[in-house]
Colleague: 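Here it is, the structure, as structure tokens.
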Amino acid sequence: MHTYIIRRLLYAIPILIGVNLITTLLFFYVNTPDDMARQILGDKNVTAESVENWKREHGYDLPLFINNSEEGLSKITQTVFAEKCAPLLWFDFGRSDRNNIDIGSQIRTRMWPSLAIAVPTFIVAIFVNLIFAMILAYVRGTYLDVWGVIFCVSMMSISSLFFIISGQFVLGKMLKLFPISGFDTGIYGIKFVILPIVIGIIASIGGSARFYRIVFLEEIGKDYIRTARAKGLSEGKVLFKHGLKNAMIPILTNVVVALPFLFYGSLIMENFFAIPGLGSFTIDAIQSQDFAIVRSMVYLGSILYIIGLILTDISYTLVDPRIRLK
Amino acid sequence: MPVVLSTDLIMYLLVLMVVYMAVLVRRDGYIKDAWRTIRSRKLAMISLLILLTFGAIALADSIRWRDAVTDEDGSISHATDGSVIYDMRPLTLLDRALSELRTNTEKTFSAPLATHQFTKEMMTRADGSTGRDYPPLKYPGTHLLGTGKVGNDVLFTALKSIRTGIIIGAGTTIIIIPFAIFFGVMAGFYGGLIDDAIQYIYTTLSSIPDILLIVAFMLLFGNKGFQGGLVNQADTLLNFFVLNDRLFWLCFIMGITSWTGLCRLLRGETLKLREMEYIQASKAFGVSKSRLIVRHIVPNVMHLVLITMVLQFSGLVLAEAVLSYIGIGVGVEIASWGNMINTARMELSREPVVWWNLLGAFIFMFALVLPANIFGDAARDALDPKLRTK
């Protein structure tokens with residue numbers, strides 16, 4: 001088990017280097033530092049001198065991968081890749097291109113609002129969907145089940161943007177139940193986070209509930225359920241006690257991989273509700289074309305994804321002792 | 001003067017695939033059986049009918065040509081060297097068929113089927129007095145879904161968006177199918193170092209957050225080339241083919257983010273097939289490896305490709321809306337439901353509310369994605385029931 005986790009972590013290193021290489025190529029090779037300087041300084045009145053100055057100030061005046069003007073080891077270390085991208089490997093995010101803010105400290109402060117929205121949405125959505133799916137599995141084969149599935153598929157066919165826009169409009173603007181957008185810390189923040197959480201849960205209902213229902217139905221068809229029924233257990237006990245436990249395996253794998261991304265927040269949701277989390281941080285960086293921030297967020301996202309995969313494997317062994325990781 | 005975009009080619013390819021499937025349904029035993037299962041489900045058949053209608057509209061919107069510019073007296077104008085001058089803006093078959101909807105524009109907003117404009121203006125009334133009032137529309141009662149900010153017919157915009165939706169939903173998968181088959185089958189068949197290398201590539205690609213990869217790519221490639229309106233002579237090949245099409249790049253990069261799932265699926269299936277008796281038998285007969293792959297493995301994984309294509313369709317259509325909202329989608333000049341929702345967001349904060357752009361996008365998107373979901377499920381169940389929980 002421990003050796004397995006260590007091996008997986010070691011395997012993550014080449015992947016993270018690969019991610020780093022791809023983003024470096026994307027951001028520097030095609031969009032050269034000269035272009036970046038011009039975009040940031042503004043297209044008008046840009047002299048070659050001011051572009052050079054900007055590049056020197058931000059450390060983009062070095063060659064991309066190999067510096068031929070240097071000797072020995074600094075041939076590799078005195079490059080954009082080594083100076084700007086490789087430090088990401090040890091979580092040194094550097095400063096943003098546009099306002100020269102410390103990206104690392106931004107990430108540390110902005111992850112809390114993201115968590116304040118994402119964690120409650122995640123937990124409540126799982127409960128709501130599990131209960132909904134179990135009810136559908138309980139009434140399987142009846143008209144209620146058919147209409148429940150049709151409802152799920154219909155919910156899946158609606159863009160999340162509709163849920164956000166109409167939720168904001170109906171609950172925020174017409175009924176005035178919640179403020180339309182904004183954020184506050186502490187106890188005052190509660191009224192701001194309820195609306196995004198509610199909308200997030202509603203938007204998740206279709207796909208997850210339908211998936212959980214299929215998992216339940218598959219579990220119900222197995223022999224041990226028949227044995228439990230033959231023992232004379234009530235249908236509710238069969239379903240909720242025996243079925244649920246075993247159905248948790250596929251459900252867990254589906255859920256755990258998303259766990260690390262709770263830090264990351266939801267890009268769209270945070271942008272709509274003006275929540276100062278990591279999601280809106282990323283969107284703002286995209287819209288102002290601040291590549292230092294976008295690069296850091298790409299890297300952070302990749303780390304979280306890899307952590308998610310490892311957590312998934314570990315959770316397998318926790319819920320199903322038959323699985324041994326080698 | 002015909003104009004063919006690279007995304008038009010995708011559309012033609014899609015039509016060819018549908019025709020090919022229709023031929024297979026009559027001949028091939030396996031597809032025939034699957035078709036019989038699908039046909040017995042009434043909802044799936046209705047969905048297919050709706051999808052085909054949408055497809056026909058999208059096809060009509062993908063056949064385009066440029067008209068010659070005419071002088072005021074109606075004769076064709078010529079350049080100084082005697083060649084005919086063509087309009088920069090190609091019109092599609094759909095534009096021409098619905099030219100009334102296209103050209104009957106109003107000045108600004110008007111509600112569905114309204115006879116008067118939505119906003120007040122200084123005007124002279126029938127009795128001669130002047131004041132602020134709602135002016136009558138030029139074409140009262142003809143705009144089924146009202147008109148937008150610049151007076152465009154919302155129904156027409158929504159109809160034009162169908163092509164965008166279908167290209168993104170289906171074209172994205174079409175572009176990456178060859179890569180996914182090549183890498184997936186190679187990894188599964190040869191194993192060892194090749195397998196490790198390919199697995200490394202797709203794990204790396206899939207660990208980059210999709211939306212950020214798309215953003216980076218579109219910021220770099222999206223703003224050059226054809227954006228949807230005018231065709232620049234510089235962008236054309238042989239005077240009619242436009243390769244550098246923003247929509248094409250969007251499909252391409254969305255494909256890159258979604259091919260890993262298909263690749264992994266194909267690898268697993270090939271691993272399984274490699275050990276089957278019929279493959280072992282062919283090996284014993286001395287069939288070459290390349291022939292083994294082309295003749296015996298690839299045809300037997302095609303159903304997975306087909307299933308992935310229908311199942312990915314709806315998700316991709318929905319993703320377009322989100323991307324357009326962030327501003328890295330199809331661009332403002334191409335009609336799309338994402339753009340409609342994006343403008344609707346501002347319109348909802350007006351007083352009184354302008355709601356018909358949102359409604360139009362909602363109805364059309366729902367009408368495409370719901371049948372796609374229903375048909376996708378039916379097709380998966382018919383082709384490979386074991387895939388249900390994946």
Colleague: What do you reckon, is CG of A/Leu10 surrounded by more than 12 foreign heavy atoms closer than 6.0 Å?
Modeller: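 Counting other residues, nucleotides and ligands, CG of A/Leu10 exceeds 12 neighbours.
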Colleague: With a 6.0 Å cut-off on ring centres, are A/Phe162 and B/Phe366 close enough?
Modeller: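 When the ring centroids of A/Phe162 and B/Phe366 are compared, they turn out to be at least 6.0 Å apart.
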Colleague: Is it the backbone or the side chain of B/Val215 that comes under 4.5 Å from a heavy atom of chain A, or both, or neither?
Modeller: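 Looking at B/Val215, just its side chain touches chain A.
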Colleague: Atom CD1 of A/Ile268 and atom CG of B/Leu323: how far apart are they, to the nearest 0.5 Å?
Modeller: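 Output value for this atom pair is 8.0 Å.
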Colleague: Highest number of heavy-atom pairs under 4.5 Å with chain A: which of B/Ile374, B/Val322, B/Ile201?
Modeller: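 Most heavy-atom pairs under 4.5 Å with chain A: B/Val322.
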Colleague: Could you walk me through whether B/Leu318 and A/Ser160 satisfy the side chain to side chain contact (heavy atoms under 4.5 Å, CB included) test, starting with their C-alpha distance in whole Å, then the side-chain angles of each, then the deciding distance to 0.1 Å, before giving a yes or no?
Modeller: CA-CA 8 Å; B/Leu318 293 179; A/Ser160 56; over 6 Å; no
Colleague: Quick one, A/Val298 and B/Leu213 - any side-chain contact, counting heavy atoms below 4.5 Å?
Modeller: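 Heavy-atom side-chain distance check fails, nothing below 4.5 Å.
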Colleague: Please report the C-alpha distance between B/Asp377 and A/Arg210 in whole Å, then the side-chain angles of each, then the deciding distance to 0.1 Å, and finally whether the side chain to side chain contact (heavy atoms under 4.5 Å, CB included) criterion is met.
Modeller: CA-CA 12 Å; B/Asp377 283 352; A/Arg210 196 176 73 131; 2.3 Å; yes
Colleague: If you count every heavy atom of other residues, nucleotides or ligands that lies below 6.0 Å from A/Tyr11 atom OH, does the total exceed 12?
Modeller: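 Yes, because the 6.0 Å sphere around OH of A/Tyr11 holds more than 12 heavy atoms from other groups.
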Colleague: Is the shortest side-chain heavy-atom distance between B/Ser314 and A/Met156 below 4.5 Å?
Modeller: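 Counting from C-beta outward, B/Ser314 and A/Met156 never come under 4.5 Å.
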Colleague: Report the distance from atom CG of B/Leu205 to atom CD1 of A/Ile15, rounding to the nearest 0.5 Å.
Modeller: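 Here the interatomic distance stands at 11.0 Å.
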Colleague: Can you say whether B/Ile211 sits under 4.5 Å from chain A via the side chain, the backbone, both, or neither, judging by heavy atoms?
Modeller: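 For B/Ile211, the side chain is the part near chain A, not the backbone.
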Colleague: As an exercise, state the distance from CD1 of A/Ile22 to CD1 of B/Ile208, rounded to the nearest 0.5 Å.
Modeller: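 Answer rounded to 0.5 Å: 4.0 Å.
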Colleague: Which one of B/Ser206, B/Ala344, B/Ala321 has the most heavy-atom pairs closer than 4.5 Å to chain A?
Modeller: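 Maximum pair count with chain A is reached by B/Ser206.
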Colleague: Could you state the interatomic distance from CG (B/Asn342) to CG (A/Leu161), rounded to the nearest 0.5 Å?
Modeller: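 Answer rounded to 0.5 Å: 8.5 Å.
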Colleague: Nearest 0.5 Å, what's the OG-CZ distance between A/Ser166 and B/Phe362?
Modeller: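 Nearest 0.5 Å value for the OG-CZ distance: 8.0 Å.
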Colleague: I want to check something: taking the side chain as every heavy atom from C-beta on, are A/Phe272 and B/Tyr325 in contact at a cut-off of under 4.5 Å?
Modeller: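 They are in contact (side-chain heavy atoms under 4.5 Å apart), so the answer is yes.
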Colleague: Could you tell me which of A/Gly207, A/Ser157, A/Ser159 has the largest number of non-hydrogen atom pairs under 4.5 Å with chain B?
Modeller: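 The option with the most such pairs is A/Ser157.
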Colleague: Locate the shortest heavy-atom distance separating A/Gly301 from B/Pro209; write the atom from each residue and the value.
Modeller: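 Where A/Gly301 meets B/Pro209 most closely, the heavy atoms are CA-CG, 3.6 Å.
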Colleague: Which atoms of B/Val317 come close to chain A, meaning under 4.5 Å heavy atom to heavy atom: side chain ones, backbone ones, both, or neither?
Modeller: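 Neither part, no heavy atoms under 4.5 Å.
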Colleague: Measuring from B/Ser207:OG to A/Ile307:CD1, what's the distance to the nearest 0.5 Å?
Modeller: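 Those atoms lie 12.0 Å apart.
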